[in-house]
Amino acid sequence: MSIIQSISPIDGKILGEFEASLPEHIEQALQSARSAAKQWEAIEVKQRCRILAQFSRILLAEIDSVCEVISRTTGKVLTEALLGEAYPVLDIAKYYEKHAARILRNQGIATSPFAFPGATAEITRKPYGVVAIISPWNYPFQITVSQILSALFAGNAVVFKPSELSLPVGQLIMDLFAKLELPQGLVQWVVGDGQCGEQLIDASPDLVVFTGSLNTGRAVMQRAAQHPIPVILELGGKDAMIVFEDADLERTRDGALYGAFCNSGQACVSVERLYVLEGCYEKFRQMLCDGIAKLKIGHGTEGDLGAMTSKRQIEIVQKQYDDALAKGAKASGQLEFEGNYLNPVVLWDVTPDMLVMQEETFGPLLPVIPFISEDEVIQFANKGDFGLNASIWSTDIAKAERVAKQLEVGNWSVNDVLKNVGHPGLPFGGVKKSGFGRYHGAEGLRNFTYPVSGLTSRSHLAKEPNWFPYSEERYQQFKGYIDFVYGTGSFFQRIKRNWQALQAFREYSAFDLKQRWQNLQLMLPWKRDF
Ligand code: TXE
């Protein structure tokens with residue numbers, strides 16, 4: 001039995017020891033989750049929402065201790081734990097509590113009275129069954145719980161694997177869900193590193209939701225492909241922030257500092273490339289350097305930037321910093337502070353060959369680059385493999401939105417940063433190598449279900465016209481029917497030239513009242529898709 005020790009990056013204190021899950025435990029977890037999923041799915045959505053509403057109440061009652069555990073495990077400051085981890089979870093829980101029944105309801109589909117005389121059609125949403133959630137260490141509570149809640153609201157059971165660096169938060173999540181009246185085994189966790197993640201996939205859940213690095217995402221997808229199991233991948237970004245001269249520069253400077261250094265830059269949506277219009281580039285760069293000097297490093301409720309979560313991540317950031325300086329970049333100061341704490345650093349005179357411009361940084365480095373035109377900055381921002389989030393800053397909203405819509409990203413915001421990804425109604429996810437699939441919003445919830453399409457015929461006829469036997473005459477009649485439906489000319493012209501063929505289908509075209517009523521209802525705005 002191997003033991004994983006959890007050590008706080010703040011002061012090196014041991015936070016706990018956790019037994020790594022053996023393959024047979026993972027199999028057992030999957031089996032009991034499967035039977036819990038059956039019970040949970042049978043509960044109607046509104047009742048599921050009532051049960052899950054308890055989660056927010058429990059979280060609110062324990063919010064200080066929850067933030068304390070998150071802070072000690074990750075190194076982030078308490079305000080960051082409150083705003084970046086607990087608050088978005090409360091928001092998504094409330095949103096689904098209110099909207100899940102509507103998002104997941106059956107959807108009537110209009111049916112052609114010619115092709116399907118008398119038939120009605122509908123889409124029902126079914127939960128996948130057991131969802132495996134493999135989550136990272138940077139937002140171990142928010143990402144994991146938002147995805148668990150999405151899976152549960154949609155009617156699934158969950159087996160999650162937190163990062164091996166976030167085990168106290170994994171335990172905390174289990175303790176919170178244990179206080180809800182859920183079927184036994186509906187939410188379970190497994191403990192371990194990448195190998196445990198592989199074993200979890202091999203235990204054959206029905207959906208894998210992964211958040212982490214591009215390379216691990218590839219491995220997860222490859223593993224899932226052997227079954228095959230559908231995957232949702234959230235793989236990080238190299239997000240651009242674009243600043244025009246007409247922006248409110250003071251507000252924009254504060255936005256840039258927050259966007260780049262929130263959680264010490266360990267966010268998939270943190271600002272990693274800051275493009276500033278040439279006319280205000282020098283002034284803005286100076287403003288950033290002045291602003292950075294006022295940021296506080298610390299912990300608890302005092303600091304703005306906390307400790308980095310892992311030594312490995314510090315090494316990655318240090319390597320990018322050293323590489324940039326060796327290749328001619330200038331820096332606002334030293335990266336090293338003390339222990340696991342790093343200084344926030346602005347870099348300029350950066351070039352595309354530097355690691356900091358090529359790889360995800362996931363640390364407190366902010367490269368600033370000048371641009372000369374709208375077209376140029378769109379080209380700059382669209383360069384590279386990732387496409388997660390971006391922000392555009394200008395008082396000319398039309399211009400900012402015009403630029404935003406030409407960016408190859410899954411999400412953007414104008415005159416604000418990061419907060420957009422916490423909006424519970426906006427589906428969140430990336431394009432290009434930032435991954436695919438979404439969570440949050442109506443689309444995000446439906447992604448934890450699959451559609452079942454049903455069609456009910458109300459035909460009283462002995463047989464349908466497309467059934468056997470075929471003949472030359474039947475062929476010509478169908479050609480006439482197709483020309484009537486899709487051919488050119490007015491409705492009357494098409495009837496006239498295909499009159500003979502249509503006679504053959506007269507007996508099939510009877511309108512059914514139920515079908516007419518369904519089609520009529522589907523024209524009403526409030527009956528349309530949510
Ligand atoms: O993440 P990994 P790491 C980026 C960031 C960082 C880099 C590496 O740039 O520097 O990734 O971080 C589990 N099969 N992001 O190494 O390895 C692992 O145990 C199944 C972006 O910590 O991707 C953990 O639970 N699972 C990011 C989870 O995958 C496997 C968040 C993520 O670990 C596995 C974090 C395998 N073969 C880092 N190997 C974001 N997008 O927000 C590992 N895991």
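Whatever order the structure lists ligands and atoms in, that order sets their numbers, starting from 1.
- Close approach of ligand 1 to Gln313 (heavy-atom distance below 4.0 Å) involves ligand atoms 6 (C), 10 (O).
- Across Thr309, Ile134, Val269, heavy-atom proximity to atom 13 (C) of ligand 1 is greatest for Ile134.
- Sorted by first and then second residue, the ring-ring contact (aromatic ring centres under 6.0 Å, His included) pairs involving residues 320-346 (not counting sequence neighbours) form an empty list.
- Within the listing of ligand 1, atoms 10 (O) sit less than 4.0 angstrom from a heavy atom of Ile316.
- Of all atoms in ligand 1, numbered sequentially from 1 with element shown, those under 4.0 Å from a heavy atom of Pro136 are 31 (C), 35 (C).
- At the top of the distance list for atom 3 (P) of ligand 1, counting protein heavy atoms only, stands Trp137 NE1, 3.6 Å.
- Close contacts between ligand 1 and Leu235 involve ligand atoms 41 (N) [criterion: under 4.0 Å to a heavy atom].
- Annotation: atom 25 (O) of ligand 1 to nearest protein heavy atom, Ser135 O, 2.8 Å.
- Here the protein heavy atom with the shortest distance to atom 9 (O) of ligand 1 is Glu360 OE1, 2.8 Å.
- The side-chain contact (heavy atoms from CB on, under 4.5 Å) test with Trp393 singles out one residue from Ile242, Leu274, Val414, Val417, and that residue is Val417.
- Here the rule is side-chain contact (heavy atoms from CB on, under 4.5 Å) with Ile232, and of Ile133, Val208, Asn447 only Asn447 fits it.
- A salt bridge does not link Glu443 with Arg446: every distance from a Lys NZ or Arg NE/NH1/NH2 to an Asp or Glu carboxylate oxygen is 4.0 Å or more.
- A salt bridge does not link Lys319 to Asp322: none of the charged side-chain nitrogens sits closer than 4.0 Å to a carboxylate oxygen.
- Using a 4.0 Å cut-off to heavy atoms of Glu234, the atoms of ligand 1 that qualify are 41 (N).
- Protein heavy atom nearest atom 41 (N) of ligand 1, with residue, atom name and distance: Gly236 N, 3.1 Å.
- No side-chain donor-acceptor contact under 3.5 Å links Asn138 and Asn263.
- Side-chain contact, Lys238 with Thr361: a donor N or O sits under 3.5 Å from an acceptor N or O.
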- [ ] Please lay out, stage by stage, how Phe371 and Tyr275 fare under the test ring pair (Phe, Tyr, Trp, His ring centres under 6.0 Å).
- [x] CA-CA 6 Å; Phe371 69 91; Tyr275 296 106; 7.1 Å; no
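- Annotation for ligand 1: atoms under 4.0 Å from non-hydrogen atoms of Glu198 are 14 (N), 20 (C), 36 (C), 37 (N).
- Heavy atoms of Gln195 found under 4.0 angstrom from ligand 1: none, in either backbone or side chain.
- Among all non-hydrogen protein atoms, the one lying nearest atom 36 (C) of ligand 1 is Gly194 O, 3.5 Å.
- A salt bridge links Asp349 to Lys330: one of the charged nitrogens lies within less than 4.0 Å of a carboxylate oxygen.
- The six-membered or imidazole ring of Tyr128 lies near that of Tyr450, with a centre-to-centre distance under 6.0 Å.
- Nearest-residue assignment for atom 42 (O) of ligand 1 (options Gly435, Cys268, Gly237; heavy-atom criterion): Cys268.
- The heavy atom nearest to atom 32 (C) of ligand 1, out of those in Thr211, Leu165, Ile133, is found in Thr211.
- Below 30°, between 30° and 60°, or above 60°: for Phe18 and Trp189 the angle between ring planes is above 60°, a perpendicular geometry.
- Among Thr216, Leu388, Leu233, the residue whose heavy atom sits closest to atom 17 (O) of ligand 1 is Thr216.
- Ligand 1 lies nowhere less than 4.0 angstrom from a heavy atom belonging to Tyr139.
- At the shortest separation from atom 38 (C) of ligand 1 among protein heavy atoms lies Phe362 CE2, 3.8 Å.
- The presence of a protein heavy atom under 4.0 Å from atom 29 (O) of ligand 1 is confirmed.
- Ligand 1 is approached by Arg312 to a heavy-atom distance shorter than 4.0 Å.
- Nearest-heavy-atom check against atom 20 (C) of ligand 1 across Pro162, Gly192, Ser434, Gly197 picks out Gly197.
- Neither the backbone nor the side chain of Ser310 comes within 4.0 Å of ligand 1, counting heavy atoms alone.
- The environment of Asp64 atom CG is sparse: at most 12 non-hydrogen atoms of other residues, nucleotides or ligands sit within 6.0 angstrom.
- The number of heavy atoms from other shown groups lying within 6.0 Å of CD (Gln184) does not exceed 12.
- Atom 18 (C) of ligand 1 has Glu164 OE1, 3.6 Å as its closest protein atom, hydrogens excluded (heavy atom only).
- Looking only at heavy atoms of the protein, atom 11 (O) of ligand 1 is closest to Ser213 CB, 2.9 Å.
- Near Val220, with a cut-off below 4.0 Å to any heavy atom, the atoms of ligand 1 are 14 (N), 20 (C).
- Residue-level proximity to ligand 1 for Thr361 is absent, since no heavy atom of it falls below 4.0 angstrom.
- Of the options Met354, Glu360, Glu359, a side-chain contact (heavy atoms from CB on, under 4.5 Å) to Gln320 is made by Glu359 and by none of the others.
- Because its NZ or CZ atom is not both nearer than 6.0 Å to the ring centre of Phe55 and within 45° of the ring axis, Lys179 does not count as a cation-pi partner of that residue.
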